[in-house]
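Reckoned from all heavy atoms, side chains included, excluding hydrogens, waters and symmetry mates. Protein chains get the first letters and strands the later ones, always in sequence-line order, with residue 1 at the start of each. Given the structure is predicted, the values throughout are model-derived calculations rather than measurements.
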There are 2 protein chains.
Amino acid sequence: MEKTEFTFLPRQKDEDIVIHDDSFNEDELKALIRRMNLKVTSQRLLILYALCEGRRHVTAQELYEKVVKKDSSIGFATVYRFLRHMNEQKFVTEVRMGGLPARYELTPKSHHDHLTCSDCGQIVEFENKQIEVLQEKVAKQFGFTLNHHVLELYGICPQCQVK
Amino acid sequence: MEKTEFTFLPRQKDEDIVIHDDSFNEDELKALIRRMNLKVTSQRLLILYALCEGRRHVTAQELYEKVVKKDSSIGFATVYRFLRHMNEQKFVTEVRMGGLPARYELTPKSHHDHLTCSDCGQIVEFENKQIEVLQEKVAKQFGFTLNHHVLELYGICPQCQVK
DNA sequence: CCCTGAGTTGAGAATGATTATTATTTACTT
DNA sequence: AAGTAAATAATAATCATTCTCAACTCAGGG
C-alpha cells in the first residue's frame, strides 16, 4: 500500500474520515501539485485539502464556500481554475447533469457509474459487473474494441419522491 | 407505415430528406402541437417544421437561426420556450455534453444507445434490453424511480483497428 | 539570502446559455 | 364577432463559468 494513494481514495461520508497528521500531510499534497507541473501555493493546498477531506461530488461553489472559511481572501476564480487544471490532468473528474452546475470528485482508482436525482442533483455511485460484461458483449458484436464508457442513470431519489 | 410517425423518425443525413407537400403538412403539425395542449401559432409551426426537416441534434441557437430566416421577427425566447415544452412532454430529447449548449432531437420511437469510435467518430446505435433491466434494478436498489439514462460506449471500430 | 521572471492570485468585468418579465398581440371559446 | 387566456417579441435578469489585469509570490540561481 503506497502512501501516495490516499489522494485518490475519496471517502463516502464525512464521518468516515479521520485525518491524522501524517495522512494528508503538506508534503504529499505539494508533491501532488508538482506532479501537475504547477506551483505550490497556500490556496491550492487549501483547496486540495478540502477536496480530500470533504464529501464527494462537490460543486465549485460548495468547495469555494468551504475554503473561504479557512482563508477569507481566496477568490472563487482560483477554485474554478484549479479544478479545471486538475480535471484536465485527470486528477479530478467532472460530472455534469442537465443544466446544473458541474460536480467534481477526486478521480477514483476503481471505475463506477452514477445515479443522479433529477430534482436535487444528489449523486449515488454504483458499480455493476453484469452491465459491464454486457457492454463488452455489445461492442464485440459490432467488432469494436471497447476502451471506455459513460453510464448515467437519472431518476428521483427517495427524499424527493416524498415531496 | 403510418403518417403520424414521421415526426418521431429523425433522419440520419440532410440528403436523405425529401419533403413532399403532403408529408409534413400543416394539419399534421397542428395536431402535434394540440396533442401537447398548446395553441397553434405560426411560430410553433415554423419551429416544428425546421426541426423535422433539419439535421439531428441541433442547439436552440441553430434552430433559432434557421427559423429567423423564414420569419425575421421571431424571438429566440420563443424557440427556447417551445423546446422546453416539447422536452417536458417528451416530444424532443435534450442531450447535453460537457458544458456545451444543449442539443435537441425529435424523440425517437425506439430507445437506443450509442457505440462511438474514438478514432473516426462513427456512431453505431444499439439497444440492449438486458442492460436496461439491470439499470432498473440498480435504481430500485437505491430507492430511485428511474426515468432516463445515458449509455455511451467508446472504442475503436473494425475499420480503424486495421490501420 | 536576495533577485528575477514566470506563474498565480483576487476582484470584478465579461461571457454565453437560458429564463423571467412585461406590455402587446393572437388563438380559440361562446 | 367579443372576450379571455395564452403566446409573443424584446429586453432585462440570472447563473455558472471564464477572462482580464495589476499586484503578488514561488522557485531557482547567484
Side-chain angles (χ1 to χ4, degrees), chain A residues 26-27 29-48 50 57-89 92 94-104 118 120-121, chain B residues 26-27 29-48 50 57-89 92-104:
Chain A
E26 277 195 22
D27 286 345
L29 297 182
K30 285 179 181 173
L32 188 66
I33 295 171
R34 292 211 186 83
R35 236 178 293 158
M36 307 191 234
N37 292 311
L38 296 175
K39 289 189 174 173
V40 174
T41 66
S42 63
Q43 293 91 332
R44 284 173 177 164
L45 283 173
L46 260 181
I47 294 168
L48 253 187
H57 299 125
V58 279
T59 63
Q61 284 300 331
E62 285 166 2
L63 198 56
Y64 166 69
E65 274 154 33
K66 187 165 185 178
V67 154
V68 132
K69 285 180 192 158
K70 302 267 176 180
D71 174 0
S72 62
S73 77
I74 209 166
F76 61 86
T78 304
V79 176
Y80 275 98
R81 254 184 315 234
F82 192 38
L83 281 174
R84 187 146 41 96
H85 268 127
M86 289 200 289
N87 183 50
E88 277 160 10
Q89 314 226 3
V92 302
E94 201 183 65
V95 183
R96 280 170 190 273
M97 143 67 193
L100 299 172
R103 289 178 175 272
Y104 299 87
S118 317
C120 67
Chain B
E26 275 195 24
D27 286 345
L29 297 182
K30 284 179 181 173
L32 188 66
I33 295 172
R34 292 213 183 82
R35 234 178 292 158
M36 307 191 235
N37 292 313
L38 296 175
K39 291 186 173 173
V40 174
T41 66
S42 62
Q43 292 90 334
R44 283 173 177 165
L45 283 172
L46 260 181
I47 294 168
L48 254 186
H57 299 125
V58 279
T59 63
Q61 283 300 332
E62 285 166 2
L63 199 56
Y64 166 69
E65 274 154 32
K66 187 164 184 178
V67 154
V68 131
K69 285 181 192 159
K70 302 267 176 179
D71 173 0
S72 63
S73 78
I74 209 165
F76 60 84
T78 303
V79 176
Y80 275 98
R81 250 185 320 237
F82 192 39
L83 280 174
R84 187 146 40 96
H85 268 127
M86 290 199 289
N87 183 50
E88 277 160 10
Q89 314 225 4
V92 302
T93 301
E94 202 184 64
V95 182
R96 280 171 191 273
M97 145 73 179
L100 301 172
R103 291 180 172 272
Y104 300 87

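- Interatomic distance, CG of B:Leu29 versus CD1 of B:Ile47, reported as 12.0 Å (0.5 Å rounding).
- Put simply, CG on A:Leu32 and CZ on A:Arg44 are 12.0 Å apart, with the number rounded to the nearest 0.5 Å.
- Shown here are the side-chain hydrogen bond (donor to acceptor under 3.5 Å, both in side chains) partners of A:Ser118, two or more places apart in sequence or in another chain: there are none.
- As a whole-Å value, the separation of A:Phe82 CZ from C:dT8 P is 10 Å.
- The distance from atom CG of A:Leu46 to atom P of D:dT25 is 15 Å, rounded to the nearest whole Å.
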Under the side-chain contact (heavy atoms from CB on, under 4.5 Å) rule, what do B:Phe82 and B:Ile33 come out as? Steps first, then yes or no, please. CA-CA 10 Å; B:Phe82 192 39; B:Ile33 295 172; 4.3 Å; yes
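- Separating the CD atom in A:Gln43 from the OG atom in A:Ser73 is a distance of 6.5 Å, to the nearest 0.5 Å.
- For the pair B:Asn37 CG and D:dA5 C1', the computed distance is 14 Å after rounding to whole Å.
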Evaluate the side-chain contact (heavy atoms from CB on, under 4.5 Å) criterion for residues B:Leu83 and B:Met86: first the C-alpha distance (whole Å), next the side-chain angles of each, then the deciding distance (0.1 Å), finally the verdict. CA-CA 5 Å; B:Leu83 280 174; B:Met86 290 199 289; 4.1 Å; yes
Scoring nucleotides 24-30 of chain C by protein non-hydrogen atoms under 4.0 Å (B base, S sugar-phosphate only, - none) yields ---BS--
Sequence-aligned protein contact record of nucleotides 15-22 of chain D, with B where the base is within under 4.0 Å of a protein heavy atom and S where only the sugar-phosphate is: -SBBBB--
Run the numbers on B:Ile74 and B:Tyr64 for side-chain contact (heavy atoms from CB on, under 4.5 Å), then give the verdict. CA-CA 8 Å; B:Ile74 209 165; B:Tyr64 166 69; 3.9 Å; yes
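- Distance, B:Ile47 CD1 to D:dA9 C1': 12 Å, rounded to whole Å.
- For the pair A:Thr59/A:Leu100, no side-chain contact is recorded, criterion being any heavy-atom separation below 4.5 Å from C-beta on.
- Between B:Met36 atom CE and D:dA6 atom P the separation is 17 Å, expressed in whole Å.
- The distance from atom CD1 of B:Ile74 to atom P of D:dT11 is 16 Å, rounded to the nearest whole Å.
- Atom CD1 in A:Ile33 sits roughly 14 Å away from atom C1' in D:dT25 (whole-Å rounding).
- At least one side-chain nitrogen or oxygen of A:Gln43 sits closer than 4.0 Å to the OP1 or OP2 atom of C:dG10.
- Protein atom NZ of A:Lys30 is 12 Å distant from nucleotide atom C1' of D:dA27, rounded to whole Å.
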Would A:Arg103 and A:Glu62 count as a side-chain contact (heavy atoms from CB on, under 4.5 Å) if you check the C-alpha gap in whole Å, the side-chain angles of each, and the deciding distance to 0.1 Å? CA-CA 9 Å; A:Arg103 289 178 175 272; A:Glu62 285 166 2; 3.6 Å; yes
